[in-house]
Protein chains: 2
Amino acid sequence: MSKFRILVVDDEESLCEILKFNLERAGYDVTTKHSAESALALNLAEFDLMILDVMMGELSGFGLAKIVREREDTATTPIIFCSALDGENDKITGLDIGADDYISKPFSVAEVLARVRSVMRRSGRTQQTDEGIITYNTLELNTMRKRCTIAGEEILLTRKEFEILALLLKSRGTILSREQIMQYAWSGEVVLDRTIDVNITRMRKKLGEYGNNIITRTGYGYGFEA
Amino acid sequence: MSKFRILVVDDEESLCEILKFNLERAGYDVTTKHSAESALALNLAEFDLMILDVMMGELSGFGLAKIVREREDTATTPIIFCSALDGENDKITGLDIGADDYISKPFSVAEVLARVRSVMRRSGRTQQTDEGIITYNTLELNTMRKRCTIAGEEILLTRKEFEILALLLKSRGTILSREQIMQYAWSGEVVLDRTIDVNITRMRKKLGEYGNNIITRTGYGYGFEA
DNA sequence: AATCATTGTTACAAAATTGTTACAAAATTG
DNA sequence: CAATTTTGTAACAATTTTGTAACAATGATT
């Protein structure tokens, strides 16, 4: 399993450690640096996401970000900025979004994780099928091995369940009609609508918390949402 | 065609930097100012869009907006307000002045980009959907997700409500007869006229302020207006 | 064959939605 | 302004849609 690699650049050492600890626990591969300059010594192209402090030594987070953007091999790497609290910046906290994002200190671990997930989702990196792996947070579907894991723990899904989940995850954010789901997971074979419902129910149970991510839009169908 | 020029006026320096960084990356030409007074020193007519903070020093964003509206050469420049206050009163004042959009802090970069795109679309008189998303100010209908949001906040619409609203928004500015609405949202199925009225009522309630945009033309039908 | 996991179907309960009606309010018309 | 038409909307009823347990059918495995 290829983990997502995150680079954290912040001059506050303790903050780096906290982020590293928590992000690693969430299944990410984390590298920390305490200055923009030392970060530049790394092969930046290998990171999937960067979390940069805005206020840092000579070269600020923005400065580093500009360099990252200019390099062809890192031009599209998502960046999350964070900056120290100064009262006014307090206003900018909260919200979960995508693309490049902004977090102001102090922030909660949950907040950072939410941002990271969100950015990952937006950038489509979670969908890269390099190795046929689809992930959402700690939920992982390996389409080659036909295996599903949550935080490394294997969840035994049956074939139909796996196919449906794979489709829902790949189409994350869109509501799929039962027709569409049937077309994909049953390859055109015709079964009753209710069969899909039943399979959804069975899957939700197995997925625990993640089961709640499978949403129902009455009258339309099902979808997978954050 | 030259780049789209955006003026950002906000006393929060870090926020300006973030907006500038991201908007520039999105291909816009961005100028930032930290007070309404310093913004007035610029040739305002050269901007295609302004993003103004409401709360700022002596001359507020509203004050600046009024001046912009009064000047003949900037009277039609689109304005997006942002503010930490999200009271209804603020919102109304802003929209009365002729703001094209309103974002309340905290907001995400993605949100701002979405609004900017939306304003550009409208000013370019190309109303319509990109990627199945229909917007009007902060009201957004995502036809893939079958989701309706107002300033990012989800509004739960039922299927019929969603279909009707989608039709009204797509046909913004035209009055649609109940026949037409029925044809679209009920796919030809026949129900009483009054059923549409009831669905309109239900929707208006859910949409809060935007409910007022759904207008009644006695004897004709309904429409969505600015 | 016996056992087991998977899958589809069915039936019923629960939830959500939609439609209808009745009366009040508003708009229009004579 | 009174009469009439049209619309707003609360309340209720009907219908549709979904959740899910239970069971049956299928096919794989021992």
Side-chain angles (χ1 to χ4, degrees), chain A residues 141 145-148 154-168 175-225, chain B residues 146-148 154-168 175-225:
Chain A
L141 282 197
R145 295 169 181 239
K146 309 298 182 189
R147 263 169 57 108
C148 168
E154 175 155 18
I155 302 296
L156 229 67
L157 293 185
T158 68
R159 184 151 80 116
K160 289 284 186 262
E161 288 162 2
F162 190 91
E163 295 301 325
I164 295 173
L165 185 56
L167 174 63
L168 291 181
I175 297 299
L176 298 161
S177 69
R178 289 181 177 71
E179 304 279 338
Q180 290 175 293
I181 294 171
M182 199 183 296
Q183 191 62 37
Y184 182 91
W186 274 262
S187 321
E189 181 196 351
V190 177
V191 287
L192 297 181
D193 284 9
R194 314 312 320 288
T195 299
I196 287 156
D197 300 23
V198 174
N199 276 282
I200 291 279
T201 297
R202 287 170 179 161
M203 208 162 47
R204 277 177 175 153
K205 276 187 190 163
K206 292 186 184 180
L207 295 178
E209 279 298 313
Y210 287 108
N212 300 327
N213 289 104
I214 299 175
I215 59 159
T216 305
R217 290 291 284 160
T218 304
Y220 287 113
Y222 297 97
F224 191 98
E225 279 203 332
Chain B
K146 310 299 181 190
R147 259 169 63 115
C148 168
E154 174 156 20
I155 304 295
L156 228 66
L157 294 185
T158 68
R159 184 149 80 125
K160 289 280 186 272
E161 288 162 1
F162 190 91
E163 297 298 329
I164 295 173
L165 185 56
L167 173 63
L168 292 181
I175 297 300
L176 298 160
S177 69
R178 290 181 177 71
E179 313 284 330
Q180 289 175 293
I181 294 170
M182 199 181 297
Q183 191 62 38
Y184 181 91
W186 274 262
S187 321
E189 182 197 349
V190 177
V191 288
L192 298 181
D193 283 10
R194 314 312 320 287
T195 299
I196 288 157
D197 301 21
V198 173
N199 275 284
I200 291 280
T201 296
R202 287 169 179 161
M203 208 163 48
R204 278 177 175 153
K205 274 188 191 164
K206 292 186 183 180
L207 295 178
E209 280 297 316
Y210 287 108
N212 300 327
N213 289 104
I214 298 175
I215 58 160
T216 305
R217 293 290 287 161
T218 304
Y220 288 110
Y222 299 97
F224 192 98
E225 277 200 342

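Computation of the quantities below employed the complete heavy-atom set of this structure, encompassing side-chain atoms and omitting hydrogens, waters and symmetry-equivalent molecules. Quick note on labels: first sequence line is chain A, next is B, and so on, each numbered from 1.
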Listed nucleotide nearest any side-chain atom of B:Val191, set C:dT9, C:dT18, C:dG19: C:dG19

note: B:Ile196, atom CD1; C:dG19, atom P; distance rounded to Å ~ 9 Å

Do the side-chain N or O atoms of B:Thr218 get closer than 4.0 angstrom to the phosphate oxygens (OP1, OP2) of D:dT5? no

Considering every strand and a 4.0 Å limit on heavy-atom distances, what is the contact class for B:Phe162: base, sugar-phosphate, or nothing? nothing

Whole-Å gap separating P (C:dT17) and CG (B:Asn199): 12 Å

Within the modelled atom types, does a donor on one side and an acceptor on the other bring the side chain of A:Arg202 and the base of C:dG8 under 3.5 Å apart? yes

Short N-O contact, A:Arg202 and A:Glu161, less than 4.0 angstrom: no

A:Tyr222 vs D:dG19: side-chain N/O to OP1/OP2 distance below 4.0 Å: yes

Can you tell me the distance, in whole Å, between the CG atom of A:Asp197 and the P atom of C:dA14? 17 Å

Mate of C:dT3 across any strand shown (Watson-Crick or G-U wobble, both atom pairs under 3.5 Å) is D:dA28

Taking 4.0 Å as the cut-off, does a side-chain nitrogen or oxygen of B:Arg204 come that near to OP1 or OP2 on D:dG8? yes

Separation of B:Ile200 atom CD1 from D:dA10 atom P, in whole Å? 15 Å

What is the distance, rounded to the nearest whole Å, between atom CD1 of A:Ile164 and atom C1' of C:dT6? 13 Å

Base, sugar-phosphate, or nothing: which does A:Thr195 touch, judged by heavy atoms less than 4.0 Å apart? base

For atom CE of A:Met203 and atom C1' of C:dT7, their distance in whole Å: 14 Å

Which base, if any, makes a Watson-Crick or G-U wobble pair with C:dG19, both distances under 3.5 Å? D:dC12

Just wondering, do B:Leu165 and B:Tyr210 contact through their side chains at under 4.5 Å, heavy atoms? no

Please state how far atom CD in A:Glu189 lies from atom P in D:dG27, giving the value in whole angstrom units. 11 Å

Look at the side-chain N and O atoms of B:Arg194 and state whether any lies under 4.0 Å from the OP1 or OP2 oxygen of D:dG8. no

Heavy-atom donor-acceptor pair, B:Arg204 side chain to B:Ile214 backbone, under 3.5 Å: yes

OP1 or OP2 of D:dG19 under 4.0 Å from side-chain N/O of A:Thr201: no

Heavy-atom side-chain contact between A:Leu176 and A:Leu168 under 4.5 Å: yes

Of A:Val198 and B:Thr158, the one whose nearest nucleotide on DNA chain C sits closer to the 5' end is A:Val198

Want to settle it: does A:Lys205 or A:Arg178 sit nearer the 5' end of DNA chain D, counting the closest nucleotide to each? A:Arg178

Answer yes or no: is there a donor N or O on one side and an acceptor on the other, between the side chain of B:Glu163 and the main chain of B:Lys160, under 3.5 Å? no

Between B:Trp186 and C:dG19, does any side-chain N or O lie under 4.0 Å from OP1 or OP2? yes

With both distances kept under 3.5 Å, what pairs with D:dA3, Watson-Crick or G-U wobble? C:dT28

Whole angstroms only, please: what is the CG-P distance between B:Leu157 and C:dT17? 10 Å

Does B:Arg147 reach the main-chain N or O of B:Glu154 with its side chain, forming a donor-acceptor pair under 3.5 Å? no

